[in-house]
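So the structure is just underneath, and the comments pick up after that.
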Amino acid sequence: MTEQTMEAMPPDTGDQPDREERSVGTAYLAMIGFPVGAHRWYLGHTTAGILYVVTFVLLALARFAFRERVEADFAPIWTVAVALVVAQLILDAIAIPRWVRRDPEAPLPAPLLILLAVLATIFVLPLLLDALGAVFTAVFGRDRVGRQVAMMVIAILGVPLVLWGYVVMVEHMLRHLTEVWQRRVRPWLWLAPGLFFLYTFLVYPTYGTIRRSLYDRAGDTFVGLENYEWFFNSPNTLIALRNNVLWLVFFTGISVVVGLIVATLFDRVRYENFAKTVVFVPMAISFVAASVVWRFMYVWNPPNANQTGTLNAIIVALGGEPVDFISTRSINNFALIMVACWVWVGFCMVILSAGIKSIDRELLEAARVDGATEWQVFRRIQLPLLAPTIAVVTTTMLIFALKTFDIVYAMTNGNYDTNVIALEMWSQFSFNQYGRASAVAVVLLAAIVPVMAYNIRQFRRQEEVR
Amino acid sequence: MTTEVVGAKRGFRIGRWALHLVIAIILIMWLVPTIGTLINSFRTETAVRFDGWWNALAPPYDFTLESYRHVLTRQGMGDAFINSLIITIPGTIIPIAVASFAAYAFAWMKFPFRNVLFVIVVGLLVVPLQMTFVPLQILFRDAGIAGSFLAVWLAHTGFGLPFALFLLRNYMGSLPSAVFESAAIDGASEMTAFFRLALPMSVPALASLAIFQFLWVWNDLLVALIFLGPNIPNHPMTITLAGLVNSLGGEWHFLTAAAFVQMALPVTVFLLLQRYFASGLLAGAVKG
């Protein structure tokens with residue numbers, strides 16, 4: 001830390017602070033965070049003050065939300081609160097020499113006042129907590145739902161504020177480093193929360209799953225490739241594997257082709273936006289709800305009865321025999337794939353439609369003037385120019401086809417030979433067969449790795465253009 | 001010559017009509033499943049069981065709100081609706097908050113391994129969630145939060161982060177660098193640049209990200225099943241609904257109403273904010 005960098009630190013607002021009388025009252029207010037007096041610009045105190053207040057509120061909410069097990073579980077939060085105060089103390093202690101020099105820009109140190117504030121905080125906090133707790137009880141009620149809503153409020157207020165407080169703190173600490181070191185250290189501190197989540201929730205578990213797939217059910221005996229042997233030899237998982245191939249080919253093929261047709265057709269009419277919305281809306285519907293909707297399309301009744309399912313009613317009206325779409329083994333996989341297509345064609349359409357729009361209209365007009373038919377315009381001009389977009393859509397669909405779960409779970413739960421890999425993973429997981437479940441997951445990852453490699457290559461190429 | 005032009009025009013006109021006809025058929029194919037189910041949700045149990053929904057369109061009309069009343073009060077859908085909200089709101093806000101700081105660092109700070117790290121993020125975009133379930137479940141169990149909302153929030157934060165980072169970093173990176181350079185010359189700290197410039201300028205990307213994450217968490221079944229599985233009081237609507245589909249017994253005709261209760265919120269959000277959703281899709285997919 002050099003004196004120069006300290007001096008060069010500019011105030012956050014433009015106005016020059018004057019030397020002014022520091023009454024104990026103003027000083028205290030400034031210190032606990034109210035923007036008063038010459039210290040208006042000193043973000044540290046304001047932020048710390050807001051953080052104190054927010055910590056109070058969150059603590060009160062937390063106490064309310066977890067009423068039964070307050071004291072023991074709140075050690076971490078107390079630690080954080082104390083750490084905030086201590087950090088503030090340290091920051092202020094650093095500024096003492098400047099305050100002694102009567103530097104007008106020196107932050108307010110007032111160690112005694114801070115000590116007083118800490119003491120006041122410690123004594124006032126429980127009272128404040130109880131007062132706020134009473135307010136929350138009045139607002140949310142004391143039942144389970146009320147407590148959980150309180151928990152939600154803690155999470156949605158607390159996390160952004162903690163992150164904000166974290167960055168403010170980081171920047172404060174960094175001010176004591178030289179420019180060069182600031183630039184070296186800052187990115188990592190800003191990345192830290194994100195990298196923490198990526199590591200804890202994606203990277204580390206991926207490693208853990210690969211490891212676990214080589215162990216037995218309880219996870220303590222190394223069994224080599226036994227779980228994989230089971231996967232590639234049991235009839236149920238082989239059916240799942242076969243069905244995923246069906247999904248890969250037919251789901252990807254149908255949704256990309258239909259998406260392309262729909263996008264090209266809609267591009268030629270004036271009510272394009274309305275039409276696109278109609279096809280796009282299923283994207284907002286959960287697969288479970290889509291399954292319910294299609295259950296009613298696929299309803300089957302015996303041939304003599306009144307057909308209440310839309311599709312069978314049409315088939316019978318056309319003179320056919322009613323089809324049991326769900327349990328007929330040659331058809332049911334395609335029935336499920338159709339549901340997924342109904343949802344995902346909208347996605348393909350939107351992406352491909354944007355691709356079509358980015359093609360120069362004059363190019364198409366020129367071709368038409370030269371006597372090209374609409375089919376030729378599509379086949380010879382639009383299609384080749386769309387190839388990269390089609391590739392992107394196709395890879396997305398391939399990944400989805402491999403991961404497909406919800407529709408099969410909701411419509412057949414894997415019965416009648418409709419099992420898929422992701423559902424098999426869930427079954428093994430729910431039987432506590434963690435070794436087998438891990439092996440199934442690794443098979444899924446292995447199937448996705450080529451797509452991942454392709455994506456990364458595309459991304460690199462894109463970055464070179466940037 | 002003239003007749004040829006007229007003929008071409010007539011052919012063109014027939015082509016136009018054929019085009020409109022094909023589009024109309026496509027739209028009907030897309031609307032019929034939803035409309036049929038919607039109509040069924042307003043009918044009585046006997047009508048749903050023995051009669052196709054299309055017959056309800058002819059008089060005598062006999063519509064009722066009985067299914068909705070039943071579903072909201074007696075099938076646990078009311079509680080599940082609140083659970084879905086409790087899961088979804090933090091599950092949307094937390095990942096975006098975490099991602100925005102890191103995305104800014106990726107976009108505007110220089111540090112070693114920046115590109116390697118971001119390539120890893122791009123790779124993590126497609127890692128199947130199944131790869132994480134077993135170790136995370138064990139982790140949550142050891143931490144004593146298995147089956148709680150906290151576990152699901154954390155899981156959704158981790159799972160949503162690669163896409164959020166990818167989208168936000170690309171968007172922030174495409175902001176004009178002159179803005180940040182002049183801010184730095186005027187003495188703005190990185191914090192000021194982030195809060196006063198990068199974040200407000202990224203509002204469109206943040207909006208599409210929020211819609212995405214909201215729809216994904218609200219409609220999620222798998223993550224909820226894995227991490228809330230045995231804890232029935234915490235089940236969101238997707239699990240309750242899936243449970244109803246599989247228990248075909250006497251509850252069959254309530255399914256329709258239950259499905260529409262589950263759909264109502266995401267479809268409304270989607271229809272209102274479709275533009276942001278589509279632009280998010282394009283930013284996320286075309287560039288990948």
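All heavy atoms count here, side chains included; hydrogens, waters and symmetry mates do not. In what follows, chains carry the letters A, B, and so on, assigned in the order in which the sequence lines appear, proteins first and then strands, with residues in each chain numbered from 1.
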Next item on the list: Measure B:Y104 against the heavy atoms of chain A and call it side chain, backbone, both or neither at under 4.5 Å.
Entry: side chain
Notebook entry, point to check: In terms of heavy-atom proximity below 4.5 Å to chain A, should B:F214 be classed as side chain, backbone, both, or neither?
Noted result: neither
Notebook entry, point to check: When only pairs under 4.5 Å are counted, which of B:I93, B:L117, B:V98 shares the most heavy-atom pairs with chain A?
Noted result: B:V98
Notebook entry, point to check: Can A:Q428 and A:E424 be said to form a side-chain hydrogen bond (donor to acceptor under 3.5 Å, both in side chains), step by step?
Noted result: CA-CA 6 Å; A:Q428 296 304 328; A:E424 184 60 31; 2.8 Å; yes
Note to self: Counting only non-hydrogen atoms closer than 4.5 Å, does A:F274 touch chain B with its backbone (N, CA, C, O), its side chain (CB onward), both, or neither?
What the structure shows: side chain
Next item on the list: Examine distances only and state if a side-chain atom of A:S291 and a backbone atom of A:M411 form a donor-acceptor pair shorter than 3.5 Å.
Entry: no
Notebook entry, point to check: What residue in B:V267, B:N115, B:V121, B:V119 has the most heavy-atom pairs under 4.5 Å with chain A?
Noted result: B:V119
Check: Using the ring of each side chain (for Trp, its six-membered ring), is B:F194 parallel, tilted or perpendicular to A:W190, with breaks at 30° and 60°?
Finding: perpendicular
Notebook entry, point to check: Contact part of B:V22 toward chain A, heavy-atom cut-off under 4.5 Å: side chain, backbone, both or neither?
Noted result: side chain
Item checked: Separation between CE of A:M152 and CD1 of B:I87, rounded to the nearest 0.5 Å -> 11.5 Å
Margin query: With a 4.5 angstrom heavy-atom cut-off, is it the side chain or the backbone of A:Y207 that approaches chain B, or both, or neither?
Written below: neither
Checklist line | Test item: A:T389 side-chain N/O and A:G355 main-chain N/O as donor-acceptor pair under 3.5 Å | finding: no
Checklist line | Option in B:W218, B:W30, B:W153 with maximal non-hydrogen atom pairs under 4.5 Å from chain A | finding: B:W30
Item checked: Whether A:N415 side chain and A:T412 backbone form a donor-acceptor pair below 3.5 Å -> yes
Next item on the list: Please state whether the side chain, the backbone, both or neither of B:I26 comes within less than 4.5 Å of a heavy atom of chain A.
Entry: side chain
Item checked: B:L19, part contacting chain A, at a heavy-atom distance under 4.5 Å -> side chain
Checklist line | Which portion of A:P282 sits near chain B, non-hydrogen atoms under 4.5 angstrom | finding: side chain
Note to self: Enumerate the salt bridge (charged side-chain N to carboxylate O under 4.0 Å, His left out) contacts for residues 273-287 of chain A, please, sequence neighbours excluded, ordered by first and then second residue.
What the structure shows: A:E272-A:K276
Item checked: Engaged part of B:P230 at the chain A interface, taking heavy atoms whose separation is under 4.5 Å -> neither
Checklist line | Residue A:R460 versus chain B: region with a heavy atom under 4.5 Å | finding: side chain
Note to self: Can you tell me which of B:K110, B:M29, B:M109, B:R114 forms the most heavy-atom pairs within a distance under 4.5 Å of chain A?
What the structure shows: B:M109
Checklist line | Under 4.5 Å from a heavy atom of chain B, the part of A:F405 involved | finding: side chain
Notebook entry, point to check: Atom CE of A:M425 and atom CG of B:L129: how far apart are they, to the nearest 0.5 Å?
Noted result: 10.0 Å
Next item on the list: Please determine, among A:V440, A:V345, A:I421, A:L311, the option with the most heavy-atom pairs under 4.5 Å with chain B.
Entry: A:V345
Note to self: Once rounded to the nearest 0.5 Å, what's the spacing between atom CG of B:L273 and atom CZ of B:F212?
What the structure shows: 12.5 Å
Note to self: For the backbone of B:A224 and the side chain of B:D220, can you confirm whether one donor and one acceptor N or O come within less than 3.5 Å of each other?
What the structure shows: yes
Next item on the list: Taking the six-membered ring for Trp and the single ring otherwise, decide whether the centroids of B:F101 and A:Y166 are under 6.0 Å apart.
Entry: no
Next item on the list: Identify which of A:T200, A:V203, A:V281 forms the greatest number of heavy-atom pairs closer than 4.5 Å to chain B.
Entry: A:V281
Checklist line | Portion of B:A99 that has a non-hydrogen atom of chain A nearer than 4.5 angstrom | finding: neither
Margin query: Under a 4.5 Å cutoff for heavy-atom pairs, which residue among A:R186, A:R184, A:R183, A:R212 has the most contacts with chain B?
Written below: A:R186
Notebook entry, point to check: Taking B:L154, B:L271, B:L165 one by one, which has the highest count of heavy-atom pairs under 4.5 Å against chain A?
Noted result: B:L154
Item checked: Cation-aromatic face contact B:R169/B:F118, 6.0 Å, 45 degrees -> yes
Checklist line | Candidate pair A:Y434 and B:Q137, rule side-chain contact (heavy atoms from CB on, under 4.5 Å), full reasoning | finding: CA-CA 10 Å; A:Y434 285 172; B:Q137 181 67 3; 3.7 Å; yes
Margin query: If I measure from the heavy atoms of chain A, does B:I82 come under 4.5 Å with its side chain, its backbone, both, or neither?
Written below: side chain
Notebook entry, point to check: Side chain, backbone, both or neither: which part of A:M452 has an atom under 4.5 Å from a heavy atom of chain B?
Noted result: both
Notebook entry, point to check: Heavy-atom distance under 4.5 Å to chain A: side chain of B:E190, backbone, both or neither?
Noted result: both
Next item on the list: Considering only heavy atoms and a distance below 4.5 Å, find which of A:T310, A:T206, A:L195, A:V350 pairs most often with chain B.
Entry: A:T310
Checklist line | side-chain contact (heavy atoms from CB on, under 4.5 Å) between B:L161 and A:F201, intermediate numbers included | finding: CA-CA 10 Å; B:L161 211 51; A:F201 292 95; over 6 Å; no
Check: A:I448 versus chain B, heavy atoms under 4.5 Å apart: side chain, backbone, both or neither?
Finding: side chain
Note to self: What verdict does the side-chain contact (heavy atoms from CB on, under 4.5 Å) test give for B:V126 and A:V451, after you've listed the backbone C-alpha separation in whole Å, the side-chain angles of each residue and the deciding distance to 0.1 Å?
What the structure shows: CA-CA 8 Å; B:V126 296; A:V451 185; 5.5 Å; no
Margin query: Quick check on B:M131 against chain A: is it the side chain, the backbone, both or neither that has a heavy atom closer than 4.5 Å?
Written below: both
Next item on the list: Would you please classify the geometry between the B:F195 ring and the A:W164 ring as parallel, tilted or perpendicular, with 30° and 60° separating the classes?
Entry: perpendicular
Next item on the list: Under 4.5 Å heavy-atom distance to chain A, tell me which part of B:I211 shows up: side chain, backbone, both or neither.
Entry: neither
Notebook entry, point to check: Are the aromatic rings of B:H20 and A:Y271 close, with centres under 6.0 Å apart?
Noted result: yes
Next item on the list: For side-chain hydrogen bond (donor to acceptor under 3.5 Å, both in side chains), just list the numbers for A:S286 and B:Q262, CA-CA rounded to whole Å, side-chain angles, deciding distance to a tenth of an Å, and then say yes or no.
Entry: CA-CA 8 Å; A:S286 65; B:Q262 202 274 335; 2.8 Å; yes
Checklist line | Max heavy-atom pair count under 4.5 Å with chain B, selected residue of A:I399, A:V258, A:V449, A:V269 | finding: A:V269
Next item on the list: Find the one option among B:P90, B:P266, B:G36, B:S100 whose heavy-atom pairs under 4.5 Å with chain A are most numerous.
Entry: B:P90
Check: With only heavy atoms counted, which part of A:S213 is less than 4.5 Å from chain B, the side chain, the backbone, both or neither?
Finding: neither
Margin query: Please classify the contact between A:W294 and chain B as side chain, backbone, both or neither, with a heavy-atom cut-off of under 4.5 Å.
Written below: side chain
Item checked: Between A:A275, A:A441, A:A313, A:A447, the one whose heavy-atom pairs under 4.5 Å with chain B are most numerous -> A:A441
